[in-house]
Amino acid sequence: MMARAGGIGITNAVNVGIAVQADWENREFISHISLNVRRLFDFLLHFEATTKSKLASLNEKLDTLERRLELLEVQVSTASANPSLFN
């Protein structure tokens, strides 16, 4: 009976060892996934900030171009209505 109990103890120890190893591998996998999700999140935050900044800069340039175009339209309209001003 003693030999049999010893064998069960070894089997249980092996099973526990296998379970611990599997748990460790699962935790390591989850850790990698968590790290990659964090990196993705950081990238998206940086991308958003950069994109907002670039869009704001483009918006300012577009506003400037629109004002210049309006001024040119007025000048062309004035020149067309009063060609004698340019003679």
Side-chain angles (χ1 to χ4, degrees):
M1 206 66 170
M2 238 0 197
R4 188 170 199 164
I8 291 173
I10 291 172
T11 302
N12 284 340
V14 169
N15 288 340
V16 168
I18 291 170
V20 167
Q21 180 65 30
D23 183 61
W24 180 258
E25 289 171 0
N26 285 338
R27 289 173 188 259
E28 190 174 12
F29 177 74
I30 290 168
S31 175
H32 286 296
I33 295 295
S34 296
L35 177 62
N36 286 327
V37 167
R38 178 66 185 175
R39 286 179 179 164
L40 178 61
F41 181 74
D42 289 343
F43 166 77
L44 290 174
L45 285 177
H46 178 72
F47 180 78
E48 178 191 25
T50 302
T51 304
K52 280 184 177 180
S53 173
K54 288 181 179 183
L55 285 174
S57 175
L58 285 173
N59 193 43
E60 288 176 18
K61 290 176 183 179
L62 192 57
D63 287 343
T64 300
L65 287 172
E66 287 174 341
R67 285 192 299 274
R68 287 181 183 173
L69 182 59
E70 288 171 358
L71 177 62
L72 287 172
E73 287 173 341
V74 168
Q75 289 175 343
V76 167
S77 175
T78 301
S80 296
N82 302 307
S84 60
L85 293 174
F86 297 96
N87 288 334

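Along the sequence shown, residues are numbered consecutively beginning with 1.
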[atom1]/[X] to [atom2]/[Y] distance, rounded to the nearest 0.5 angstrom?
{"X": "T64", "Y": "N59", "atom1": "OG1", "atom2": "CG", "answer": "9.5 Å"}
{"X": "R68", "Y": "Q75", "atom1": "CZ", "atom2": "CD", "answer": "12.0 Å"}
{"X": "L55", "Y": "E48", "atom1": "CG", "atom2": "CD", "answer": "11.0 Å"}
{"X": "H46", "Y": "T51", "atom1": "NE2", "atom2": "OG1", "answer": "9.0 Å"}

For D63, is there an ion pair with R67 - N to carboxylate O distance below 4.0 angstrom? no
In sequence, state the C-alpha distance, the side-chain angles, and the governing distance for L62 and L58, and then conclude on side chain to side chain contact (heavy atoms under 4.5 Å, CB included). CA-CA 6 Å; L62 192 57; L58 285 173; over 6 Å; no
When you measure from the side chain of [X] to the backbone of [Y], do you find a donor-acceptor pair of N or O atoms at a distance under 3.5 Å?
{"X": "T78", "Y": "V74", "value": "yes"}
{"X": "S34", "Y": "I30", "value": "yes"}
{"X": "S80", "Y": "V76", "value": "yes"}

Just wondering, do L40 and N36 contact through their side chains at under 4.5 Å, heavy atoms? no
When hydrophobic residues are tied together by side-chain contacts of less than 4.5 Å, even through go-betweens, does I10 share a cluster with I18? yes
